[in-house]
Amino acid sequence: MTVSILEGLNTAQQQAVQVVDGPTLVLAGPGSGKTGVLVRRVAFLSDHVGIDLHNVLAVTFTNKAAREMRERIDALLGAGRAAALTAGTFHSLCARFLRRDIVHLSRERDFAIYDTDDQERLMKRVLKDLNLDDKKYPPRAIRASISSAKNELIDANQYAQQGRTYYDEIVARCFVHYQKLLREANALDFDDLLVETVRLFEQHPAVLEKYQTRYRYILADEYQDTNHVQYMLLKQLASKYRNLFVVGDEDQSVYAFRGADIRNIRYFENDYPEAKVILLEQNYRSTQSILDVAQSVINQSAKRMRDKNLWTENDRGTLVVLQEGYDQDEESYLVASEAARLLSSGDYQPGDIAVMYRTNAQSRALEEALIGRGLRYQIVGGTRFYERKEIKDALAYLRVAHNPADNVSLSRILNWPGRGIGQRTEDELGRWATKLGVPVYRALQKLKNPGGEELPPDTPIPFNARTQKALLSFMGLIDSFIAARHEHDLGGLMDVIFRTLEFESILIREHGEEEGRDRWNNVVELRNVAANYIHMPQESQLPTFLEEVALVSDLDSVRREQDTITCITLHQAKGLEYPVVFLIGLEEGLLPHSRSLDHMDALDEERRLFYVGATRAKERLYMLYAFRRTVFGRTNVSQSSRFLADIPKELLHHMPKRGYTDTQQTSMFTNRSSVNWTGSSTRQTHTEPSNATRGQEKQRTSLTANQPQAVAFFAGQKVNHAMFGEGMVVSSKLIENDEEVTVAFPGKGVKKLLASFANLERIE
DNA sequence: GTACGTTCATTTTTT
DNA sequence: ATGAACGTAC
């Protein structure tokens with residue numbers, strides 16, 4: 001039995017798998033098989049050491065990783081065995097702990113979980129209450145400051161005490177009030193989930209003891225990405241048995257922006273001086289060529305604690321390709337062409353190919369190019385499914401039905417769909433509720449029943465008759481949903497809500513026939529998710545659903561489809577691997593991102609991001625950048641990424657520049673509205689090219705073929721015009737028997753000119 | 001209070 | 001380029 005668990009592992013891997021007791025730090029390079037090690041270690045503990053998996057806790061980076069771990073354990077040990085294992089992200093685990101032991105917090109059992117958007121809405125309320133100008137103090141920034149403070153386990157009082165600047169003082173005041181409103185709404189934000197768990201453990205040693213005893217063995221993946229709270233949690237949980245097994249790679253630390261601290265690796269060695277340190281340096285994933293390129297970039301990293309010596313027995317493989325596109329459209333066009341070429345060679349399937357980029361915005365041009373080629377693709381992330389407006393609105397109704405104190409959700413739906421309750425009324429309502437010291441919902445209840453208990457009889461109701469009527473009818477709606485919650489299961493409740501509101505008609509009224517339908521389809525998809533909860537007792541369906549919706553990221557639901565090309569951000573790509581990888585947008589300002597240019601640490605993180613991207617590739621790596629790029633509708637000449645300069649020339653196959661392939665053609669023919677932006681981003685895939693797209697392919701081919709003879713002007717060329725003076729050609733294309741030249745004239749703008757009329761003079 | 005037009009800010013990256 | 005936020009007109 002043990003043999004099969006250790007089979008095919010190298011010495012270091014076997015060593016890691018077989019550690020029984022004591023703290024262990026595994027420093028694992030990319031592609032070193034660390035997931036396999038984690039899985040087999042769990043299997044080993046179970047089958048060789050005889051540990052009940054009920055006593056094992058595995059912290060993973062995504063819920064998807066947890067699910068995959070379970071599947072692989074089942075595959076190794078037999079179906080169902082992994083069910084006993086506790087596995088999940090810090091956030092889901094903490095939510096579970098809190099849910100179970102919430103009695104210790106002086107709060108009701110059920111709490112709402114506020115995501116970033118909810119937090120920001122609440123922050124707006126905070127600023128309003130404190131009479132602060134949200135122009136001067138952007139809710140986003142305040143939210144971010146508070147979030148980082150929480151990640152450092154700094155509470156509002158401490159923040160107030162150690163605040164130095166005036167801005168800190170403002171944040172401190174917001175922090176205090178923000179927490180107050182959160183508690184009133186019976187809500188915890190993302191950060192609170194972790195912070196409150198640490199506090200729970202601090203204040204109630206018995207509770208901590210319970211978990212310490214239960215989780216005799218603890219494993220944590222992606223340790224380099226833990227922040228301070230997470231570090232504390234691990235420390236608390238592991239302090240009894242000290243069987244903490246962490247796996248990480250400082251070179252792949254790319255989450256400093258959310259508080260991740262690489263130093264946690266060093267702290268680990270301080271906290272557990274007896275820790276075994278195991279290095280996994282052999283890479284099984286990539287070809288030597290790819291690894292060389294990745295190494296040459298990461299070796300320039302400013303300071304690394306421990307130089308790893310990554311090596312592989314894999315073949316050298318094909319050279320890494322470097323190519324410049326004229327602009328982002330051509331860059332994408334080149335990607336699509338090469339992808340199409342690889343696919344037609346028969347060596348690869350769409351699922352073997354991934355395109356990676358720094359920012360989500362970069363996926364647009366890419367998407368158009370892929371559609372233009374009729375390639376199937378999926379965009380991971382982007383606008384996340386659960387962040388779509390229609391989904392959030394639908395969820396808000398469910399959340400209020402579950403927890404009427406949830407003021408943020410209530411305010412979201414107060415006037416959606418429009419029912420004559422405007423800003424004035426909402427503000428008034430908020431003030432009134434504050435005065436009464438109750439959640440808005442309770443205030444509304446009093447409006448409904450003025451004779452009721454707590455309301456002093458002489459309290460004036462601050463609304464006129466019409467407004468009052470609107471508010472009361474809203475209340476009727478909410479109360480009917482609250483009632484429905486007890487009569488129906490989750491799916492039934494959704495049906496009631498969507499039918500009563502006439503959700504579909506609202507969406508169509510607001511967004512028009514086509515987009516409205518798309519949005520409604522998203523809502524239907526949400527409704528379909530309810531089916532997953534059908535086996536649960538009715539009363540726990542809604543809370544469980546709401547919790548999972550808040551904590552499950554889109555990446556968790558990525559289906560690894562074999563027939564779509566994956567488009568994904570570098571961050572999300574961490575931990576994944578593909579035979580073919582395109583890294584696009586390798587330019588100064590993008591990678592490294594402009595926001596990181598002034599900070600050395602941030603710059604280093606960008607470098608690691610590059611490294612992460614490059615090491616996702618197994619067989620073929622393409623690196624692209626564009627000569628010019630349009631950002632915010634403004635076009636600038638760009639410079640290739642400084643990281644490219646760190647790669648020795650001989651490691652690259654530098655593709656010659658192509659003339660400007662007139663990608664304008666593609667955009668012209670691509671009917672933008674046919675691109676479905678509203679569908680669930682990870683689920684939706686472009687299936688087959690529309691007729692229009694097919695026709696376009698034909699035209700495009702013939703155009704490209706004729707172009708060299710026919711086009712007299714090309715991009716980048718300098719020209720002189722009688723009226724506008726000197727300018728530079730942006731693009732040129734054939735129109736019937738003439739040529740339309742787009743020229744940028746400095747100070748005079750971009751003009752479209754017909755070659756036969758404009759009398760353009762070429763300048764060399 | 002809403003409907004429309006205009007301005008303006010917006011893009012890191014995520015649980 | 002796109003969408004949210006603000007202003008003016010009903």
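Since we're looking at a predicted model, the values are computed, not measured. Computed from heavy atoms alone, side chains included, the values below leave out hydrogens, waters and symmetry copies.
- Distance from the side chain of A/H91 is smallest for B/dT15 among the nucleotides B/dT13, C/dA1, B/dT15.
- We find that CG of A/D221 is positioned 15 Å from P of B/dT15, with the value rounded to whole Å.
- Residues A/Y625 and A/F643 place their aromatic rings such that the two centres sit no closer than 6.0 Å.
- In this structure, A/K135 reaches the C/dC6 phosphate: one of its side-chain N or O atoms is under 4.0 Å from OP1 or OP2.
- The side chain of A/R424 lies closest to B/dG1, out of C/dA1, B/dG1, B/dT15.
- Ring-to-base geometry does not place A/F90 in a stacked arrangement with B/dT15 (centre distance under 5.5 Å, plane angle under 30° required).
- Classified by interplanar angle (parallel below 30°, tilted 30° to 60°, perpendicular above 60°), the ring pair A/H91/A/F190 is perpendicular.
- Residue A/T359 has its side chain nearest to B/dT13 when only B/dT13, B/dT10, B/dG1 are considered.
- A/N415 has no side-chain polar atom (N or O) that falls below the 4.0 Å cut-off from OP1 or OP2 of B/dG1.
- A centroid separation of less than 6.0 Å is found between the aromatic rings of A/H571 and A/F257.
- For B/dT15, neither phosphate oxygen OP1 nor OP2 lies less than 4.0 angstrom from any side-chain nitrogen or oxygen of A/N63.
- For the OP1/OP2 pair of B/dT13 and a distance below 4.0 Å, the side-chain nitrogens and oxygens of A/Q572 include no atom meeting the criterion.
- Distances shorter than 4.0 Å separate some side-chain N or O of A/K124 from OP1 or OP2 on C/dA5.
- Look at CZ on A/R364: it is 12 Å from P on B/dT11, rounded to the nearest Å.
- Atom C1' of nucleotide B/dT11 and atom CD of A/E587 are separated by 14 Å, given to the nearest angstrom.
- In this structure, the nucleotide among B/dT10, B/dT15, B/dT13 sitting nearest to the side chain of A/R258 is B/dT15.
- Distances from the side chain of A/H593 to the nucleotides B/dT11, B/dT15, B/dG1 place B/dT11 closest.
- Under the 6.0 Å distance and 45° angle rule, A/R100 does not count as a cation-pi partner of A/F97.
- If you measure from atom CD of A/Q230 to atom C1' of B/dT15, you get 8 Å, rounded to the nearest angstrom.
- Across the interface with DNA chain B, nearest-nucleotide mapping of A/Q423 and A/L609 shows A/Q423 to be the residue nearer the 5′ end.
- Side-chain proximity of A/T569 to the nucleotides B/dT14, B/dG1, B/dT10 is greatest for B/dT14.
- The side chain of A/F190 lies closest to B/dT15, out of B/dG1, B/dT10, B/dT15.
- Taking only side-chain atoms of A/H571, from C-beta outward, the nucleotide of B/dT14, B/dT11, B/dG1 with the closest atom is B/dT14.
- Ion pair A/E426/A/R431 not flagged as a salt bridge, since none of the NZ, NE, NH1 or NH2 atoms sits closer than 4.0 Å to an Asp/Glu carboxylate oxygen.
- The side chain of A/T630 places no N or O atom within less than 4.0 Å of a non-bridging phosphate oxygen (OP1 or OP2) of C/dA1.
- When the C1' atom of B/dT14 is taken as reference, atom CG of A/L570 falls 14 Å away, rounded to whole Å.
- Using a 4.0 Å heavy-atom cutoff across all strands shown, A/T467 reaches no nucleic acid atom at all.
- Between the P atoms of C/dC6 and B/dT11, the separation comes to 15 Å (whole Å).
- Counting to the nearest Å, the C1' atom of C/dA5 and the CD atom of A/E426 are 15 Å from each other.
- An OP1 or OP2 oxygen of B/dT11 is reached within less than 4.0 angstrom by no side-chain nitrogen or oxygen of A/S594.
- One atom, CZ of A/R140, and another, P of B/dT13, lie 10 Å apart when rounded to the nearest Å.
- Taking the 5.5 Å centre cut-off and the 30° plane limit, the aromatic side chain of A/Y255 is not classed as stacked on B/dT14.
- The OH-P distance, from A/Y386 to B/dT14, rounds to 17 Å in whole Å.
- Contact detail for A/M123 and A/I142: the closest heavy-atom pair is SD-CG2, 3.8 Å.
- The A/F257 side chain lies nearest to B/dT13 when the options are B/dT15, B/dT11, B/dT13.
- Among the protein residues, A/D191 comes within range of no part of the nucleic acid, since none of its heavy atoms lies under 4.0 Å from any strand.
- Heavy-atom minimum distance, A/L85 versus A/M69: CD2-SD, 4.3 Å.
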